[in-house]
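Heads up, the thing below is written out as C-alpha cells.
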Amino acid sequence: MSPKLTQAECAEMCVRIRRHIIEMIHAAGSGHPGGSLSATELVTALYFHFLRQDPQHADAPDRDRFILSKGHGVPVQYAAMAERGYFPIADLTTLRHIDSRLEGHPVKGTLPGIEASTGALGQGLSIACGHALAGRLDGRDFITYCLLGDGEINEGQVWEAALFAAHQRLERLVAIVDANHIQLDGYTADILDTEPLVDKWRSFGWNVIEIDGNDLAQVFAAYEAAGANLGRPFCIIARTIKGKGVSFMENSVAWHGVAPDAEQTAAALAEIGEAR
Amino acid sequence: MSTTRPVGRATRDAYGDVLVALGAQREDVVVLDADLSGSTRSGKFAAAYPERFFNVGICEANLVGVAAGLAGAGKTAFISSFSSFLLCKGFDQLRMAVAYPRENVKIIGTHGGITLGEDGASQMSIEDFALALGLPGVVVCHPADDASALQLLTQIAAADGPAYVRLGREKAPTIYGEGQSVELGRAEVLRGGDDLTIVANGMMLGLALDAAEQLAAQGVQARVIDVHTLRPLDEATLAAAARETGALVVVEEHLRVAGLGSVVAQAVVQHAPAPMRFVGLDGYAESGSPSALLAKYGLTCEAIVGAAQEVLAAKR
Ligand SMILES: Cc1ncc(C[n+]2csc(CCOP(=O)(O)OP(=O)(O)O)c2C)c(N)n1
C-alpha cells in the first residue's frame, strides 16, 4: 500500500521534508542536517513511491524493509514517515527530547517501521542481509533497502556484509550509498578515501548503478532498475551534495552535526521555499 | 549538571591540552583517532603535530590494531573515539593486540556515560568499565573534573603499559581545588565523616557531595571518596572506610553490574564486610538533555540520600 506519488509530486514532497528537517533539528538544538538533506530525494522516493509498506500494518511480514544504517541521518526518515502517516507531523519537533519516541538515532521498537537500532555506524547492511535471507527462506518477495554513508563504509563490517550478500546472491537487497564526499572530521578523500566506489562494489559481486542522488528522475530510474532482481544484490552509488538545498550548508564539513539557530533556520527555510 | 557546584571545562578538554604538552616533551607520542578528532579533542594535537597524528577513518577495530603495532615498535600510542565505539567495536583487538601483549596503548574514550545527552543510547557507554575491567592488566580510570583529568592523564602517559580512561562530553562540576594533588591508584577522600561512606567518580561526585551536605543537615556525617582509579583499586582506603563507617553507598554513571560498585563491593567483602547500596543504571537510556536523563534514570541527589538512609537502617 504505497501512495505512489508521481515524480513531480515527490519533488514537492522533498520541499516539505527539507523544511521538516531544518525545523526539527532547530527545535532539538542538536542533530545532523548535512547528511539528512543530502539523502532527501533518496528517502522521499522510497517512502512515497517504491517502498511497499502500510503505516497501519508496519509489521506485515511481506512489507518492504528500509534500514537506515547511517542512523544520524534519521531526521529525513522521521520527516518522511510523519508525512506518510506513521505518526503525527506535530511530533517531529519532539526530536531528541526526553520521553519522545523520536530518538536522536533510530531505535527499533520506538516507532512502527523502524527496523533496526543504528547509530553505531557500520551495522545496518548486515541486518539488511538477515532480512533479505529470511525473505528468501520464507518464500516472500519483499525488497530490503539499506542506506549507508560514504564515510560509514570505512567500517570493515560493511565489507563483510557486502561479501556475504553477493555470495548468497541476495537479489532482493538494495544498498544505497549516499556519496556526499564528506564524513565527520572532513572530506572522505582526506580522512579515508573510499573511492572508486563503483569499482569496489562491482568487484565485490554487486550490480552497481551510479546516479545523481539529488535528481529525482535518476533516483526513480535507479529504484526501478534495482527492483528487477538480476540475480545479485544491487548497489546504488548516489552522488549527492551534503546539506543540499541550503546554500550555506552545502558541501560544508561544518554542518555535519550542528543545529541551526533561529536566524539560520529562517534563512534556510526561505531558501527551501514552500511546497506548492 | 543538577548540582549547584560551579562547573569547569569538560574532561575531554583536558585531554587535548595534555596531548599537546606531551607532543612537545616526547617524540615517542603518537595520536590516532577514528573520525571524531574534533569531538574527542585529539584534533588539538593534530593541529600541533600533524606528522604524528593519524585519522584512520570510521574504523575502530583497525584503530586499535594499528596503535598496537605502533606501540610494539616503541611508540606511546594514544587512541580516542567515543568510549562506546572504542570499547565495543574494538574489544577483541583490545584483548588480543593490546591487553594480552601489554602494549603501551592509552585508550581514551570520550562522551562516556549517559550525560552525552541528545544523541541517545547508541552513542552512550554504560558498559565501558565492565569491558575495560575485562581486560586484565589494563589501568582503568575516570577523572571527575578538569584539574584531576589533567593530572591523571599526565600520570597515565608517564607510566608504561595499557590504560583506559573515560572522559565526559559535558562541562564537569569542579571537585578539586587549585594545587590539590591527585594520584593514579590513590582514592581521594573529599569529605570526612564516620556515619557512612559514599563512593563515586566522574560526573557523580558533584551529586555525591550534594547528598553529603543534605545528610549533614539531618545530622548524618557522610565520608565521600573519589575512586577515580578502578584498577589498580585503592583497597586500603576503601577497607578503612568500611571499617570506620560501617556502611557504603556506591554511585556510578554505568550499569550497576560489573563496574565501580562491583569492584568496591569485592574489596569491602574481603577486608571489612559492611552493608552496601548501589546507585547506577539498569539499562539503556534515551535521548534527552543530560539533566533530564540523570533525573529520569535515577542518578540524583535524592536517590543517593535515599540509598544512604536505607544502608544506615541496615547498619543498625
Ligand atoms: C561506530 C561509529 N563511529 C563513529 C561515529 C561518529 N560519527 C557519526 S556520523 C560520522 C560520519 C559519518 O559520515 P557519512 O557516513 O559519510 O555520513 P553523512 O556524510 O552522510 O552524514 C561519524 C564518524 C559513529 N556514529 N559510529
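Below, chain A is the first sequence line, B the second, and so on; all start at residue 1.
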>> Between the side chains of B:Asp92 and B:Arg95, is the shortest nitrogen-to-carboxylate-oxygen separation below 4.0 Å, so that they form an ion pair?
In response: yes

>> Quick test of your reading of the model: are B:Asp17 and B:Arg9 salt-bridged, counting only N-O distances below 4.0 Å?
In response: yes

> Under 30°, 30 to 60°, or over 60°: which ring-plane class applies to A:Trp206 and A:Trp201, parallel, tilted or perpendicular?
Replying inline: perpendicular

>> I'd like to verify something: which residue of B:Ile58, B:Leu36, B:Leu293 has the highest number of heavy-atom pairs under 4.5 Å with chain A?
In response: B:Ile58

> Which bit of A:Asp190 is near chain B, if near means a heavy-atom gap under 4.5 Å: side chain, backbone, both or neither?
Replying inline: neither

>> With rounding to the nearest 0.5 angstrom, report the CZ to CG distance, A:Arg65 to A:Leu51.
In response: 10.0 Å

> Can you tell which of B:Asp119, B:Asn55, B:Val56 has the highest number of heavy-atom pairs within less than 4.5 Å of chain A?
Replying inline: B:Asp119

>> Any salt bridge linking A:Arg239 with A:Glu195? Criterion: basic side-chain nitrogen under 4.0 Å from a carboxylate oxygen.
In response: yes

> Does the side chain of B:Ser287 pick up a donor-acceptor pair with the side chain of A:Glu103 at under 3.5 Å?
Replying inline: yes

> What part of B:Gln123 gets closer than 4.5 Å to chain A, counting heavy atoms only: side chain, backbone, both or neither?
Replying inline: side chain

> Within the side chain of B:His111, is there an N or O that forms a donor-acceptor pair under 3.5 Å with the backbone of B:Arg169?
Replying inline: no

> Among A:Gln183, A:Arg96, A:Glu152, which residue forms the greatest number of heavy-atom pairs with chain B at distances under 4.5 Å?
Replying inline: A:Arg96

>> Parallel, tilted or perpendicular: which one describes the rings of B:Tyr164 and B:Phe129, with boundaries at 30° and 60°?
In response: perpendicular

> Checking A:Leu192 against chain B: side chain, backbone, both or neither under 4.5 Å from a heavy atom?
Replying inline: side chain

> Using a cut-off of under 4.5 Å for heavy-atom pairs, which of B:Cys59, B:Gly120, B:Ala34, B:Gly117 has the most such pairs with chain A?
Replying inline: B:Cys59

> Should the ring pair B:Tyr49 and B:Phe45 be called parallel, tilted or perpendicular, given that the plane angle runs from 0 to 90° and is split at 30 and 60?
Replying inline: tilted

> Just checking heavy atoms, which of residues 104-121 of chain A are less than 4.5 Å from chain B?
Replying inline: A:Gly104, A:His105, A:Thr118, A:Gly119, A:Ala120, A:Leu121

> Which of these passes side-chain hydrogen bond (donor to acceptor under 3.5 Å, both in side chains) with A:Thr240: A:Asp150, A:Asp178, A:Asn214?
Replying inline: A:Asp178

>> If we define contacts as heavy-atom pairs under 4.5 Å, which of A:Gly186, A:Gly151, A:Ser30 has the most with chain B?
In response: A:Gly151

>> For A:His32, which atoms come within 4.5 Å of any heavy atom of chain B: side chain, backbone, both, or neither?
In response: side chain

